[in-house]
Structures are given as C-alpha cells and as structure tokens.
Q: 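I have a structure here, written as structure tokens, and I will follow up with some questions on it.
Order of listing sets the numbers, starting from 1, for every ligand and every atom in it.
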Amino acid sequence: MENTKTMYAIEIKNLTKKYKEFEALKNISFKIEKGDFFGFIGPNGAGKTTTINSIIGLVKYNGSIKAFGFDAVKNYRETREKIGLSPQEYNFDRFLTVEKCLSYTAGYFGIQKEDAEKRTYKLLKKFNLYSKRNNTPMELSGGMKRRLMIARALIHKPEILILDEPTAGIDVQLRRELWDLMKEINNEGTTIILTSHYIEEVEALCKTICVINKGRIIEIGKKSKIMKDLSNQTLQIKTDKRIPNNLIDHKDLAISNKNGIIRITGKEIKKDANNIIKKIENAGIKIKEIDLKNERLEEVFLRLTGEKKSLLF
Ligand code: ATP
C-alpha cells in the first residue's frame, strides 16, 4: 500500500484491452481524485464500459488499475469493496422483491443481517422506494428501476460509485431528480464516475471531464479549464444592411456574413466585441440586435470526437 497522501480514488496506468485482435483500449492512463465527480464521455464503442469493466474486475487487461492504492487484480476483494457499480443494463433478479434485492446484495458483501436491514431501510427511504419494497423490480417504473440500481450500488457504503448511463431512457423531470441525488451522494464524500450520452448531464454535474475516443483518451481536465481552453464564443450581430466582408478580418475568427446577419466565432470574442461594434457603427451601418453565445460542452465534445450529434444515441 502507498502513502495515503499520494493515493487517488482510481489510478489507471497503461491500460490496454484486446478482444481477440481488436484493441478496445489503447494504453490509457489517468487518475481520479478522491471526492471527484468524474465525467467519462465518448461516442458509442469508445471504450467506456470496457474501462469500467476492467476497474471492477469483469474483464482481463494489460496494465495497472488501483482503487485507493489497492491493485484491482492482486487485491480484488478490497478493490471491489471500495466500488459500487450501477451498470448500463438492468440486471435484477426478477423473483426478488425490491427490499431483498438490497439486503441480498449486502449479504454478498459480507454485511451482517442486522446492519443489512438497517442499511436497506435507509436506502429505501432515501431513494423513495419504501412503498415499493414488497414489489419485484419488474413492477417498478423506469425511474424507480434506475433509483434501485443506484441504491443497490450503495448498499455496502462504497467510496467510489460508478454510474454507467444512469439516466438512460427516463424523462427529463426524473432525470433532474436523479441529478439531485447524485449531487447529494457526491457532496457526502463519495467519488463518482459517470458515463452518459447526455453531455448536458455531464456538464451540469461533473467537476472533471475525460473524453475517450476509439480506445484513447483525447482530453482530460477540470471542466472549467476544458471549457475555458476549448469552447468558442459566437457574436451575432443583426444590421440594417450587409456588412462588407473586409470590415472585420482576423485570422483566428470564423465569420459567416449573410442577409444582414454576421456571426463571428472564436476564442473569447467578448474581448473583441466592443471593437467590432465600433467598426460596424463607424462604417455607417445601423445595429439592430446583438447576441453572444458560449459554446456548450456538447459542441466542444462533438468537435473533439469528430462525431455528428445523431451518432451519439
Ligand atoms: P457505448 O457508449 O455504446 O456503451 P462504450 O464506450 O461503452 O460504448 P465499449 O462497450 O467499451 O464502448 O466497447 C468498446 C469496443 O470494444 C467496441 O468496439 C465494442 O464493439 C468492443 N467490445 C466490447 N465488448 C466486447 C466483447 N465482449 N467482445 C468483442 N468486442 C467487444
């Protein structure tokens, strides 16, 4: 075991995974700090689930994975106890009640009956599932099933919670309720790793963003830094007549100039906005409307991965 001061919640070094000849993960390395809310995003087939399955010991791999200093292979048991997983697909035992689904899982982790019952009660209440405790998971609504998946992942009080597409297929309002729950769990100190195709969700919740594409990490960093470094701004100005093309020329700006609307896109356009407006007014052109838009994480993500929106889902 390493010194606790240098310990990360997750530390992945040179992780490579081959399915026969196909290399799904190509030598990836990254660290996740304790208490982080880590967004792991990438297009379909990028390697997110393979990475998660490697962390929890479901697939064999080359390289090294540690959870709080414990090696995921050599110290499998200790690692597994540190991690709660809510997988992408529902995998409930269809014959168990909601209550048993939680208490049996506690049993798998060696939690004594009395403690298991207490913990189950607490989670049923917290996740608003108590009134459904005697139903089977298949009798729950989509949102309730998703909540049960997360409650089950938390039964053994893991320090790391992995949520693989936790809001897939549920409506906007239920998704927002789950966001609040996730934030609460993270605020209580649990490190969360979230994969989601809803980039808006990752933008709203995560502190760190990691983008994976075709088995390689292509961007990783604090969300604020990624947005500062990579997101563009667009200044849109509506005028009473067409602005001459040569009025605003700058090599770092993308300009579209059509039908009395000019759109100028670049880094920190805000800083140049006053100059641009003055130039237009000095040319005797009347400004009717001004709008400034910041690119969202989704647009940055699409640019980074070269994907079209429709391919994400
Ligand atoms: P999604 O967003 O669609 O869930 P993902 O990023 O989780 O995608 P993975 O499920 O990790 O992607 O898959 C990564 C690559 O590995 C894909 O090309 C996939 O087809 C391949 N793959 C995954 N599991 C297996 C397997 N058991 N056998 C062979 N290839 C696999």
Q: What atoms in ligand 1 come closer than 4.0 Å to a heavy atom of Phe22?
A: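 Reading through ligand 1 atom by atom, the close ones are 15 (C), 16 (O), 18 (O), 21 (C).
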Q: Measure from atom 4 (O) of ligand 1 to every heavy atom in Gln88, Glu89, Lys48 and give the option owning the shortest one.
A: Gln88
Q: For atom 17 (C) of ligand 1, what's the nearest protein heavy-atom neighbour? Residue, atom name and distance, please.
A: Gly45 O, 3.7 Å
Q: If you have a sec, work out which protein heavy atom is nearest atom 23 (C) of ligand 1 and how many Å separate them, to one decimal?
A: Tyr19 CE1, 3.4 Å
Q: Just checking Arg296: does its CZ atom have more than 12 heavy atoms from other residues, nucleotides or ligands closer to it than 6.0 angstrom?
A: no
Q: With the threshold set at 4.0 Å, does a side-chain nitrogen-carboxylate oxygen contact exist between Lys113 and Asp115?
A: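 The answer is no: the pair does not qualify as a salt bridge.
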Q: What residue and heavy atom of the protein are closest to atom 13 (O) of ligand 1, and at what distance?
A: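 Scanning the protein heavy atoms, the shortest distance from atom 13 (O) of ligand 1 goes to Thr50 OG1, 3.7 Å.
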Q: Does Lys82 count as lying over the ring of Phe68, i.e. NZ or CZ under 6.0 Å from the six-ring centre, within 45 degrees of the axis?
A: yes
Q: Please say whether more than 12 non-hydrogen atoms of neighbouring residues, nucleotides or ligands are located less than 6.0 Å from NZ in Lys145.
A: yes
Q: Does atom NZ of Lys122 have more than 12 heavy-atom neighbours, drawn from other residues, nucleotides or ligands, at distances under 6.0 Å?
A: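 No - once you tally the heavy atoms of other residues, nucleotides and ligands closer than 6.0 Å, there are 12 at most.
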Q: Applying the side chain to side chain contact (heavy atoms under 4.5 Å, CB included) criterion to Gln88, which one of Met149, Glu165, Lys48 satisfies it?
A: Glu165
Q: Give the numbers and elements of all ligand 1 atoms closer than 4.0 Å to a heavy atom of Thr49.
A: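 Going through ligand 1 atom by atom, the ones under 4.0 Å from Thr49 are 4 (O), 5 (P), 7 (O), 10 (O), 11 (O).
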Q: I want to know if ligand 1 touches Thr51 in the polar sense, i.e. an N/O pair below 3.5 angstrom.
A: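 No, since none of the N or O atoms of Thr51 sits under 3.5 Å from an N or O of ligand 1.
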Q: Work out whether the distance between some heavy atom of His197 and some atom of ligand 1 is less than 4.0 Å.
A: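 The answer is yes: ligand 1 sits under 4.0 Å from a heavy atom of His197.
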Q: Between Arg80 and Asn75, does any side-chain donor sit less than 3.5 Å from a side-chain acceptor?
A: no
Q: How about atom 20 (O) of ligand 1: does it have a protein heavy atom within less than 4.0 Å?
A: no
Q: Which protein non-hydrogen atom lies closest to atom 3 (O) of ligand 1, naming both residue and atom, and how far is it?
A: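 The protein heavy atom lying closest is Asn44 ND2, 2.9 Å.
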Q: Quick check: does Ala46 get an N/O under 3.5 Å from an N/O on ligand 1?
A: yes
Q: Just by distance, with hydrogens left out, do Glu81 and His156 show a side-chain donor and acceptor under 3.5 Å apart?
A: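 On atom types as modelled, these side chains do not qualify, holding no pair under 3.5 Å.
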Q: Counting only heavy atoms, tell me which of Ser196, Gly47, Ala24 gets closest to atom 16 (O) of ligand 1.
A: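 Closest candidate by heavy-atom distance is Ala24.
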